[in-house]
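Below is one structure; the comments refer to it alone.
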Amino acid sequence: MYNSKIIGLGHYVPDNVVTNQDLSAMMDTNDAWITERTGIKERRWVKPGSGDTTATMGVKAAKIAIERAGIDKDDIDFIVFATLSPDMYFPGPGVQVQHALGIKTVGALDVRNQCSGFVYAIAVADNFIKTGMYKNVLVIGSEVHSHGLDKTTRGRGVSVIFGDGAGAAVLTREEDTSKGILSTHLHSQGEHAEELVLVAPGMGKRWVTDILADNNPDDESYFPHMNGQFVFKNAVVRFSEVIMEGLTKNNLDKEAIDMLIPHQANLRIAQFIQKKFGLDDDKVFNNIQKYGNTTAASIPIALTEAWQEGKIKEGDTVVLAAFGSGFTWGSVIIKW
Ligand code: UT7
């Protein structure tokens, strides 16, 4: 058995900055509400016609990660792509990345799992490497939310939160099992699937044929729905549990955490976790202020920025943790 370790990170966000002020021109909202409830000041939204899509942004982030990993694209043995906003209903963007990067015909797997998508994707990659099946795995999280949000006052409880962007990591085999990814922890609770959901188009509740036949402008089923307070309350509990689970599994206490990268769901959630674990400001990385919640992209974007800013050093204990739609949640414990 091997461990895996992250040897390259990259991110890409679209140029187009949308401030809270900009949103208040579209709907009944304001900077004070958004800042106080979420910590978000601005986000990036893909400009129509810019060519940025979930797949193309993923490719841009991946190119940077591969270059920084110091390997050739042909050394990649497998691709895992996490998103809830694929360019097409099917196939998913993993195969688009394989083609765009000109990688030989390696496997490409698409991971759903929404806000915890990147954590799930890392767990998949880690376990393929651990067993010796693959040596180098490219993991991507990328989202374009902006084309699918209800940008009217009706949708303000959701649309002010989400942003677009992509992040990527290259994982490789690590023979020293005291280093790299020490453990991953994944959970789900499907009884709450509809508390944070996009119903349509789906083959269960809202068929495409229904939507076309109804042609109803009041139909909200193709916009994301979130029971915000319920999600918030569950998030703070599950984040704490799954971080604790990872620490306990590795006989670490909370003082061992050098850097916590939480999924950027809401600054208030991150602050709650920081307080609960008694972590100093320099041990929790947040960039939701600039990017909003980019779902599967939020952890790899934050991890890349933290690394670029020199906030992660060799030997550090780095914790990734996420919670979101499903509900699904998870953590990753890394000895960098
Ligand atoms: O990433 C996946 C996981 N997602 C999360 O973890 C998100 C978890 N939830 C949250 O972050 C918060 O629940 C929100 C930020 C979504 C909402 O904050 P809240 O403090 O729970 O607000 P609320 O939904 O209870 O709404 C409070 C009030 C309502 O008005 P009334 O009924 O009190 O008159 C809303 O209509 O704020 C109103 N409101 C807004 N006002 C201005 C909702 N959205 C907005 C808005 N601007 N954008």
Side-chain angles (χ1 to χ4, degrees), residues 18-43 45 82-85 111-120 141-143 145-146 148-165 167 187-189 192-198 220 223-243 261-274 276 286-289 291-302 320-331:
V18 178
T19 64
N20 294 344
Q21 188 70 27
D22 294 331
L23 293 183
S24 63
M26 302 174 202
M27 63 189 85
D28 181 13
T29 190
N30 56 77
D31 176 53
W33 190 96
I34 301 171
T35 306
E36 189 196 319
R37 308 273 175 147
T38 72
I40 300 165
K41 298 302 284 184
E42 58 188 44
R43 73 286 293 140
W45 280 0
T83 189
L84 62 66
S85 52
V111 167
R112 300 285 301 264
N113 299 85
Q114 302 68 246
C115 294
S116 50
F118 191 77
V119 164
Y120 268 74
S142 179
E143 306 283 3
H145 284 294
S146 57
L149 298 171
D150 179 356
K151 295 172 188 160
T152 69
T153 298
R154 186 179 67 177
R156 66 182 180 174
V158 172
S159 54
V160 302
I161 297 169
F162 292 98
D164 304 338
H187 294 276
S188 71
Q189 190 179 19
H192 300 314
E194 297 196 23
E195 304 294 349
L196 179 44
V197 65
L198 178 60
E220 293 179 55
F223 290 123
H225 158 80
M226 175 164 69
N227 181 351
Q229 288 198 5
F230 186 77
V231 174
F232 192 103
K233 283 180 193 147
N234 279 267
V236 290
V237 173
R238 297 309 192 181
F239 263 107
S240 305
E241 277 178 11
V242 82
I243 294 168
I261 313 267
H263 160 54
Q264 303 290 294
N266 182 321
L267 192 61
R268 284 160 57 212
I269 294 177
Q271 285 166 340
F272 180 94
I273 304 302
Q274 176 177 353
K276 176 141 193 187
N286 291 300
N287 60 8
I288 191 170
Q289 301 91 331
Y291 302 130
N293 178 345
T294 58
T295 311
S298 92
I299 289 181
I301 294 174
L320 316 179
F323 174 89
S325 161
F327 293 151
T328 59
W329 63 100
S331 64

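Just so it is clear, the values below take in all heavy atoms, side chains as well, and ignore hydrogens, waters and symmetry mates. Just so you know, ligand 1 is whichever comes first in the structure, and atom 1 is the first atom listed for that ligand. No experiment lies behind these values; they were computed from the predicted model shown.
Put simply, NZ on Lys151 and CE on Met26 are 6.5 Å apart, with the number rounded to the nearest 0.5 Å. Glu241 contributes atom CD, which lies 10.5 Å from atom CD1 of Ile243 (distance to the nearest 0.5 angstrom).
Aromatic ring pairs are classed by plane angle as parallel below 30°, tilted from 30° to 60° and perpendicular above 60°; the pair Phe162 and His145 is tilted.
Only one option out of Val236, Val119, Val231 pairs with Phe323 in a side chain to side chain contact (heavy atoms under 4.5 Å, CB included); it is Val231. Each of Asp22, Leu23, Ile288 was compared with Arg43 under the side chain to side chain contact (heavy atoms under 4.5 Å, CB included) criterion, and only Leu23 meets it.
Residues satisfying the side chain to side chain donor-acceptor pair (under 3.5 Å) criterion with Gln21, sequence neighbours excluded, are absent altogether.
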Which pairs of nitrogen or oxygen atoms, taken one from ligand 1 and one from the protein, are under 3.5 angstrom apart?
| from | atom 1 | to | atom 2 | distance (Å) |
| --- | --- | --- | --- | --- |
| ligand 1 | 1 (O) | His263 | NE2 | 2.9 |
| ligand 1 | 1 (O) | Asn293 | ND2 | 2.6 |
| ligand 1 | 9 (N) | Gly228 | O | 3.0 |
| ligand 1 | 11 (O) | Asn266 | ND2 | 2.6 |
| ligand 1 | 13 (O) | Gly228 | O | 3.1 |
| ligand 1 | 20 (O) | Arg37 | NH1 | 2.8 |
| ligand 1 | 22 (O) | Arg37 | NH1 | 3.3 |
| ligand 1 | 25 (O) | Gln229 | NE2 | 2.6 |
| ligand 1 | 36 (O) | Arg156 | NH2 | 3.0 |
| ligand 1 | 37 (O) | Trp33 | NE1 | 3.0 |
| ligand 1 | 41 (N) | Trp33 | NE1 | 3.4 |
| ligand 1 | 47 (N) | Thr29 | OG1 | 2.6 |
| ligand 1 | 48 (N) | Thr29 | OG1 | 3.1 |
| ligand 1 | 48 (N) | Arg156 | O | 3.2 |

